[in-house]
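Right, one structure below, let's go through it.
Below, chains carry the letters A, B, ... as their sequence lines are ordered, and counting in each starts from 1.
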Amino acid sequence: MTSHTDIDATATGEAMIAMSRVEKWYGAFKALTDINLAVRKGERIVLCGPSGSGKSTLIRCINHLESYQKGEIRVGGTLLGNNARTIDAVRREVGMVFQHFNLFPHMTVLQNCMLAPMRSLGASKAEAEASARSLLGRVKIVEQADKYPAQLSGGQQQRVAIARALCMRPKVMLFDEPTSALDPEMVKEVLDTMIGLAEEGMTMICVTHEMGFARKVADRVIFMSEGEIVEEAPPAAFFTAPRQERTRKFLGEILHAH
Amino acid sequence: MNYQLDFTPVIEGLPALLSACLGTFTLALGGMALAIVIGIGGVVLRDSHFAPARWLVKSFVELIRNTPFLVQIYFIYFALPLAGVRLDPTPTAVIALGINGGAYAIEIIRGGVQSISKGQIEAGLALGLHKAQVFRLIVLKPALRAIFPSLTSQFVLLTLTTSICSAISAYELTSVAQRIESDSFRSFEVFGTITLFYLVISWVMMRFFALISARYFSYPVK
């Protein structure tokens with residue numbers, strides 16, 4: 001289980017993300033309870049749990065798409081406060097990929113990828129385009145650069161969304177159920193892209209039910225239930241010897257379904 | 001019916017009527033430009049975190065949409081001089097049309113903005129863009145696309161509303177037609193003719209908006 005050693009890791013500057021005693025409320029509903037999580041540089045975390053368990057809420061707190069009420073979150077040493085300065089600083093370091101891709105429909109693939117580097121980082125058009133083309137090449141979709149999102153398949157759109165996030169040269173990537181909205185035959189191309197990213201040493205937190213992916217790339221699998229971190233372990237131990245009853249029950253359900 | 005049609009005054013007045021059409025276009029386009037600015041600005045304020053701004057915009061929309069345009073244009077025409085601003089009828093008409101059209105545009109554009117999914121906004125924020133950038137670069141264009149047909153019919157209506165500006169003798173088609181009619185008493189011929197002119201003007205406006213739509217809003221969507 002998480003302990004205060006994780007918070008100590010922040011102090012040494014080793015942790016890329018450090019959440020300590022984070023609590024999040026929606027009115028009277030407590031969405032996150034006492035979240036302690038430290039993610040080292042290059043570490044790959046898979047976050048799983050039943051729907052409504054707070055996994056998405058947790059990663060959305062990291063780039064402040066959700067505010068939190070208690071505890072603290074540090075990203076790359078920046079304490080994420082409720083102010084524009086730290087929120088901006090953190091968002092520039094953290095890329096996010098969404099379940100529904102959220103590509104901008106009125107821009108071509110290339111424009112989707114160039115927008116934020118130009119508007120947020122002040123990159124020149126030439127720089128942004130070169131970088132966008134190279135990252136689109138990395139997700140193997142560069143030939144679609146001048147198409148609009150609606151002209152692409154779901155899997156292609158999600159790979160563009162990954163490239164778009166990478167164009168900001170993030171230190172951390174957050175994936176919020178990136179394959180849940182995809183037709184089954186498109187899941188693999190997106191997972192392969194994510195595996196490639198993991199192999200290059202990207203720090204990643206992935207909310208996903210793709211247990212094959214977790215087995216293959218995760219350094220740690222974290223199981224959440226009812227807003228709490230119930231269990232975390234390396235994948236081998238997590239899948240073969242879950243310690244908590246709630247984890248066993250969840251794994252039983254999800255592995256049967258697959 | 002022994003009425004003898006006589007189009008002579010209309011034919012003699014044709015140059016005046018045709019150039020008055022340009023006056024109508026000027027009022028309409030000026031009014032639309034102002035209405036768009038008020039519409040977009042109003043939406044930003046209407047959904048801002050600053051309560052007095054929200055209240056102000058809501059009141060403005062209610063005030064304008066629940067009073068007659070004729071009264072509004074009289075009010076502006078006769079009230080502004082009291083505040084020390086003396087404007088010619090034509091600028092006054094543009095302002096009145098812009099304010100009136102703007103109040104409707106706020107409600108229409110707001111509907112478009114609300115139709116944009118939260119995911120679009122979140123994607124922009126997660127990429128490090130500020131809220132204002134997200135609105136301008138990500139939300140605005142798809143929002144305008146979504147409501148463009150409604151905005152088009154509102155603006156065609158605004159074009160036809162220019163005729164009411166004859167009440168302050170702004171330079172436009174109806175006021176010139178009234179002058180010809182009062183000189184000649186050929187009411188049927190004069191107003192029959194400008195009815196056709198207005199049909200053409202509306203058609204031109206609709207073509208104009210169709211071109212804008214084809215130019216800016218033709219990206220494919222699912």
Side-chain angles (χ1 to χ4, degrees), chain A residues 56 59-60 62-66 84-85 87-108 111-123 146-154 157 160-161 164-170 172-176 181, chain B residues 36 39-40 43-44 47-51 53 108-152 209-222:
Chain A
S56 288
I59 64 166
R60 289 162 57 86
I62 295 171
N63 65 352
H64 210 275
L65 289 182
E66 303 283 354
R85 194 182 53 80
I87 292 171
D88 282 353
V90 165
R91 284 179 181 162
R92 280 194 215 106
E93 307 280 9
V94 178
M96 189 172 218
V97 175
F98 299 85
Q99 182 179 359
H100 296 289
F101 334 133
N102 298 343
L103 294 179
F104 308 132
H106 57 303
M107 298 180 195
T108 64
Q111 289 166 340
N112 262 277
C113 293
M114 290 167 62
L115 179 73
M118 289 171 67
R119 301 294 182 151
S120 181
L121 302 179
D146 296 317
K147 288 201 176 160
Y148 284 88
Q151 295 168 310
L152 304 183
S153 72
Q157 289 192 53
V160 171
R164 179 176 71 176
L166 292 176
C167 283
M168 290 292 285
R169 307 281 167 193
V172 181
M173 285 285 283
L174 307 174
F175 291 86
D176 191 359
Chain B
I36 277 280
I40 293 171
V43 167
V44 171
D47 296 327
S48 76
H49 290 298
F50 187 54
I108 293 171
I109 294 170
R110 186 156 174 260
V113 168
Q114 285 172 342
S115 78
I116 303 304
S117 82
K118 220 172 141 236
Q120 290 284 306
I121 297 164
E122 288 177 350
L125 293 175
L127 284 166
L129 300 172
H130 297 139
K131 270 164 102 178
Q133 289 176 311
V134 169
F135 179 80
R136 192 162 48 85
L137 302 168
I138 296 170
V139 173
L140 192 55
K141 191 167 175 177
L144 289 177
R145 175 187 167 123
I147 50 80
F148 206 67
S150 317
L151 201 63
T152 299
F209 282 106
L211 286 176
I212 291 181
S213 176
R215 171 75 180 77
Y216 292 102
F217 302 126
S218 63
Y219 58 86
V221 290
K222 270 185 297 275

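At a threshold of 4.0 Å, the pair A/Arg60-B/Glu122 counts as salt-bridged, since one of the basic side-chain nitrogens sits closer than that to a carboxylate oxygen.
Atom CZ of A/Arg119 is surrounded by 12 or fewer heavy atoms from other residues, nucleotides or ligands within 6.0 Å.
When each of A/Ala165, A/Pro105, A/Ala116, A/Ala89 is checked for heavy-atom pairs under 4.5 Å with chain B, A/Pro105 comes out on top. Per-residue heavy-atom pair counts under 4.5 Å with chain B were compared for A/Leu103, A/Asn63, A/Val94, and the maximum is reached by A/Leu103.
Contact annotation for A/Phe104: both backbone and side-chain heavy atoms come within less than 4.5 Å of a heavy atom of chain B. For chain A, the nearby parts of B/Gln120 are the backbone and the side chain; heavy atoms of each come within less than 4.5 Å. Looking at B/Lys118, the atoms closer than 4.5 Å to chain A (heavy atoms on both sides) all sit in the side chain, from C-beta outward. For A/His106, the parts sitting under 4.5 Å from any heavy atom of chain B are the backbone and the side chain alike.
Between A/Tyr148 and B/Tyr219, the ring planes are parallel. Angles under 30° get that label, and only those over 60° would be called perpendicular.
With hydrogens and angles left out, the side-chain atoms of A/Asp146 and A/Thr108 include no donor and acceptor closer than 3.5 Å.
Taking every heavy atom of both residues into account, A/Arg164 and A/Asn102 meet most closely at NH2-O, 2.9 Å.
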